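Below: one structure, written as structure tokens.
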Amino acid sequence: MERYNFKRVEEEWQKKWESSKEFSTKVDRTKKKFYCLEMFPYPSGKIHMGHVRNYTIGDVLSRYKSLKGFNVLHPMGWDAFGMPAENAARENNLDPKDWTNSNIKTMKSQLKKLGLSIDWSREISTCSESYYKHQQIFFLELLEKGLVYRKENYVNWDPVDETVLANEQVIDGKGWRSGAIVERKKLSQWFFNISKFSEDLLKGLEELKTWPNKVKVMQKNWIGKSFGSEIDFKVTGDIPVKSIKCFTTRPDTLFGLSFIAISIDHEISKYYINDSGFQKFKEECSKTGTTEEAIAIGEKIGFKTNLTATNPLNLAQKVPVYFANFVLMDYGFGAVFGCPAHDQRDFDFAKKYNLEINTVVKPYDENDNFKVTNEAYPGPGTLINSEFLNGLDAPNESVNETIKILEARNIGKKQTNYRLKDWGVSRQRYWGCPIPVAYDTSGKVYPIPIEKLPVKLPENINLKVKGNPLDHLNDWKEIEIDGKKLIRETDTLDTFVCSSWYYLRFCSPNNHDYGFSKDEIDYWMPVDQYIGGVEHAILHLLYSRFFMRAIDYKNKNFNIQEPFQSLFTQGMVCHETYKDKNNNWLRPDEVEKVNNIVVKKNNPDHEVKVGPSESMSKSKKNVIDPEFIIENYGADSVRLFILSDSPPEKDVQWSEQGMVSSYKFIQKFWILHNEILNVVKKNSSNDKRDENLEKFLNKTIFKISNNLEKFQYNVIVANMYETYNYLVKYIKEEVSVISLKENYIKILICFLPVIPHFANECLKTLGIKKINWPDYEKYLMDDDEVNYVIQVNGKKKGLIKSEKNISQDKLMNLIKNNEKLTRFFKKNEIKKVIFVKNRLINILINE
RNA sequence: GCCCUCGUGGUGAAAUUGGUAGACACAAAGGACUUAAAAUCCUUGCCCUUUUGGGAGUGCCAGUUCGAGUCUGGCCGAGGGCACCA
């Protein structure tokens, strides 16, 4: 017997799959479809272990579903626009396109070596003209529908990347990619009107039953719906302003009013532009630190105006108006009313400026003299000191009642607010999808006519310029449409736009006139299972959900609104980190273990500091190169290991020993397979069936099928090891050839999703061509014998093997004849017996 | 500060959904084979007992139940998300 040559076998099968177009799919309405999609990669150079895990999980599912008879769509493509290409190209004097395409070539060949069941005929790349042409058409469609607009406002400016970032791309006040501290800058920008769909995006979450709760909660919080009312406050003072509009979720605390606070960007600020005190205050505000957290816990400061506001429910009460650093311009109306007794921020502010603290809500267990003193009381209770509102239950009853009164008196109305803001999509970069518009000298917007699309990115350009390279290309910028001389938009689209609709393109990758064909969308969409990292919980997933709605808006393309029926977020691949004496990171292959001490390789005196296991990253050098591993152990071994150690949704620890043991498992199984092969070649005409074997293997089929449905891929690997351990023992004893052959084939098919090359090879040596997922037999699921657990007063005292469905009396007799068991209650009276059929018996006695 | 998730051996983890806790794997220790090593195989894994055996045990404390890793309440701890959202 030849030892298992994974290199030869894997290569052969991969070639076979490629030449027979095994995984290419077409619309086939006679079959049920299954659309399995993994988040497509950014072509950064080489694949990493995270990709291996992500795509193995998807591949296991795809292969399982097609064995089950589904028409499976399992495509792959490239999220190919973006900054790294531009940076790498600039550093190495390359064209971003060449850099990107060469990375795609490398990564594609690496993915192929994993033996993924991908329909490569549907491969797409977002940086190709045939892809971004359709994106430009979509852009113009949305413009036409009023879902895209241009406005000047403050943006998050990344000074390192010299580009604008969306709110979602600012993390702890820093750029999500560069890590630079983000600045505020006023620019003219294109926006997608995602906030128009706030309510719909929120409601849609309820439909997504099989999304991780965590992701739904994050999106819900991000959308941030809050219910309350707007209230008009009349103001008097030395400027021509009559009223200030505030948003509040607690209109019922209006009698607790003690000041009005407005944002420094509030329109009223224009009257204070020349006020040196206000200028000073603005400067002060910008100093409070840059991170969100610093701002959140920072001191509340204000600048007092000469304005006086009147409480609309108590006209006798006049309160001061402040500019305050804690009021946000882009939420509500940029103005709030201060109620120090029941809001901690207002409380802190009132303490600092010696403002009144009027208690208007008392906790249920306090009396009417309750007074807020040390900290605000935001909890529930009963309204007090509020005239006609007194006695109302806060907040539910009192908020609704107050809104009714405000509306009746025409001083406010019910209002729902969302935190979600519109999506700024302009980026001052070269390597992205050009925005297909132009401007005349007055700044009027002209869409580029559809027949002139795509607006192509110019090639061979100079990247070594400050800011956006496209801005420097006068030849490209100046165009003529209908005899009018215009200047092109030089901003490109945020790359998240590209990934917001790629799942649609996969359904019709070659559709020429439009981004997709309705016919194919109707068949394939929605994605039945989407798999990817949880880091896209908000950005990519929310944008995609928006995009479906936006394209559907007014012209009804789809029967469905949600692009991703099910979502699975896989965990990361982690590895220990290593640092040498000089605190430099070391790669795992630069260290070794000598006498249980980790040292630098070939340098036993240089002890290495072992850090915690963290997500593999280039910066910490704790990476394992998949290509090296595939080269040494084979694709099946890697697939097996990456699934084996942890549930797919949790982080997994990379372990060299674990990897080796997966490799050995396949080698050992090959030996076993050959032994089985020898046995089943024997004539089996008068061979008896072996029910025990059939039952064991049948249960395994049941378990693996079940675990596949539940994404418990780590347990499947355990099931595979159990099967091996069982068969190794079995083959040494008397063997039922017929039972073994029939069921062993089924078992190999169950192994196929995880280790496809190996399982296919084994099936080939058995002469099996037609492969379908095996059904388990119900009649083989039950055992004739069961192990009864014998409990005395709820504690396990022993086991009794008996036939199935035995009566309670018969079981009691067995127990009474069992010396080891009967002694527990010989001397004591039996009070009660709990009998659970085929499972256990619990005998209660007096002790 | 608010929200979400999770606490099971030395480690990663299983547990038919309320019914034998620790499947499967990694690591460790001991043993077999070997001149030796590697590889392979076997055994062990908390406490008491020489053994037979007995006891404790799923972060902690209560509760429900004949029976709780699983359900309820409280506490402690870890991870993640949001962050002046009025």
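Numbered from 1 within each chain, the chains take letters A, B, ... in sequence-line order. Just so you know, these numbers come straight off a predicted model, no measurement behind them.
The listed nucleotides are B:G67, B:A83, B:C3; the one nearest the side chain of A:Asn842 is B:G67. Here B:C4 is the nucleotide among B:A86, B:U20, B:C4 with the atom lying nearest to any side-chain atom of A:Lys214.
With A:Ser613 as the fixed residue, the side chain to side chain donor-acceptor pair (under 3.5 Å) test singles out one of A:His575, A:Gln653, A:Glu576: A:Gln653. Just one residue in the list A:Arg53, A:Met572, A:Gln570, A:Met49 forms a side chain to side chain contact (heavy atoms under 4.5 Å, CB included) with A:Val652, and that residue is A:Arg53.
If you take atom P in B:G53 and the same atom in B:C4, they sit 50 Å apart, rounded to whole Å. Separating the C1' atom of B:A78 from that of B:A25 is a span of 25 Å, rounded to the nearest Å. A distance of about 12 Å separates the C1' atoms of B:U16 and B:A23, rounded to the whole Å. The P atoms of B:A13 and B:A68 are separated by 26 Å, rounded to the nearest whole Å. B:G59 and B:C6: their C1' atoms are spaced 11 Å apart (whole Å). B:C3 and B:G9 have their C1' atoms separated by 33 Å, with the value rounded to a whole Å. Here, B:G22 and B:A14 have their C1' atoms 7 Å apart, quoted to the whole Å. B:G19 sits 11 Å from B:U70 when the P atoms are compared, rounded to a whole Å.
Where A:Lys650 and A:Gln791 each meet RNA chain B at their nearest nucleotide, the meeting point lying more 5' is that of A:Lys650. Mapping A:Asn707 and A:Phe247 onto RNA chain B via the closest heavy atom, the residue that lands nearer the 5' end is A:Asn707.
The residue A:Val327 sits close to a base: some heavy atom pair falls under 4.0 Å. If you check every strand for non-hydrogen atoms under 4.0 Å, A:Leu328 touches a base. When heavy atoms are screened at a 4.0 angstrom cut-off, A:Pro647 is found touching the sugar-phosphate backbone but no base atom. Among the protein residues, A:Val836 comes within range of the nucleic acid bases, having at least one heavy atom under 4.0 Å from a base atom.
Counting only heavy atoms from C-beta outward, the side chains of A:Leu201 and A:Ile223 approach each other to under 4.5 Å. With contacts defined as side-chain heavy-atom distances shorter than 4.5 Å, the pair A:Ile830/A:Leu844 does not qualify. Side-chain contact between A:Gln219 and A:Arg545 is present, with at least one heavy-atom pair separated by less than 4.5 Å. Residues A:Leu208 and A:Leu205 form a side-chain contact, since some pair of their non-hydrogen atoms from C-beta on lies under 4.5 Å apart. Residues A:Val319 and A:Phe337 are not in side-chain contact: their nearest non-hydrogen atoms beyond the backbone lie 4.5 Å or more apart. With a 4.5 Å cut-off on side-chain heavy atoms, A:Thr359 and A:His342 count as touching. Using a 4.5 Å heavy-atom threshold, the side chains of A:Asn417 and A:Phe227 count as separate. A 4.5 Å side-chain heavy-atom check between A:Thr416 and A:Ser226 finds every atom pair outside the cut-off.
When rounded to the nearest whole Å, the span between OH of A:Tyr331 and C1' of B:A86 equals 7 Å. Distance, A:Lys832 NZ to B:C66 C1': 6 Å, rounded to whole Å. At whole-Å resolution of the value, CZ in A:Phe641 and P in B:G12 are 13 Å apart. Distance, A:Phe323 CZ to B:A86 P: 22 Å, rounded to whole Å. The interatomic distance linking A:Met720 (CE) with B:A14 (C1') rounds to 17 Å, in whole Å. Taking atom CD of A:Glu785 as the reference point, atom P of B:U20 lies 19 Å away to the nearest angstrom. Rounded to an integer number of Å, the gap from A:Gln219 CD to B:C4 C1' is 14 Å. Atom CD in A:Glu230 sits about 15 Å away from atom P in B:A86, given to the nearest Å.
Against the 90° criterion about 0, the sugar-base torsion of B:U5 places it in the anti range. The glycosidic torsion of B:G9 lies within 90° of 0, which places this base in the syn conformation.
Pairing of B:G22, defined by two Watson-Crick or G-U wobble distances under 3.5 Å, is not identified with any nucleotide. When Watson-Crick and G-U wobble pairs are counted only if both distances are under 3.5 Å, B:C6 pairs with B:G77. Pairing for B:G1 goes to B:C82, judged as Watson-Crick or G-U wobble with the two contacts each under 3.5 Å.
Note on ring orientation: taking the six-membered ring where Trp is involved, the planes of A:Phe758 and A:Phe669 are perpendicular (angle over 60°, cut-offs 30° and 60°). A:Phe641 and A:Trp654 have perpendicular rings, their planes meeting at more than 60° on a 0 to 90° scale where under 30° would count as parallel.
Applying the 4.0 Å criterion to OP1 and OP2 of B:A15, one finds that A:Gln712 has a side-chain N or O inside that range. Within the 4.0 Å cut-off from OP1 or OP2 of B:A83, at least one side-chain nitrogen or oxygen of A:Arg419 is found. Here A:Ser646 reaches the OP1 or OP2 of B:A13: one of its side-chain N or O atoms lies under 4.0 Å away. Contact annotation: A:Asn213 side-chain N/O to B:U5 OP1/OP2 distance is under 4.0 Å.
A salt bridge does not link A:Lys804 with A:Glu785: none of the charged nitrogens is closer than 4.0 Å to a carboxylate oxygen. A:Lys216 and A:Glu206 are not joined by a salt bridge, as no carboxylate oxygen comes within less than 4.0 angstrom of a charged side-chain nitrogen.
Figure legend: cation-pi geometry between A:Lys245 and A:Phe333, with NZ or CZ positioned under 6.0 Å from the six-membered ring centre and within 45° of its axis.
At a cut-off of 3.5 angstrom, counting only N and O atoms as typed in the model, there is no donor on one side facing an acceptor on the other between the side-chain of A:Lys220 and the base of B:C3.
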Kindly give the atom pairs (protein nitrogen or oxygen, nucleotide nitrogen or oxygen) under 3.5 Å for nucleotides 24-27 of chain B.
{"unit_1": "B:A25", "atom_1": "OP1", "unit_2": "A:Asn725", "atom_2": "ND2", "d": "3.4"}

Which pairs, protein N/O on one side and nucleotides 40-45 of chain B N/O on the other, fall under 3.5 Å?
{"unit_1": "B:U40", "atom_1": "OP1", "unit_2": "A:Lys664", "atom_2": "NZ", "d": "3.3"}

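For residues 338-349 of chain A, proximity to RNA chain B is found at A:Arg345, defined as any non-hydrogen atom under 4.0 angstrom from a strand atom. For RNA chain B, the residues of residues 795-802 of chain A within the heavy-atom distance limit of 4.0 Å (strictly under) are A:Lys795, A:Lys796, A:Lys797, A:Leu799, sorted by number.
Under the ring pair (Phe, Tyr, Trp, His ring centres under 6.0 Å) criterion, A:Trp670 pairs with A:Tyr4, A:His673, sequence neighbours left out. For A:Pro648, the side chain to side chain contact (heavy atoms under 4.5 Å, CB included) criterion is met by A:Ile57, A:Phe568, A:Tyr713, A:Asn714, not counting sequence neighbours.
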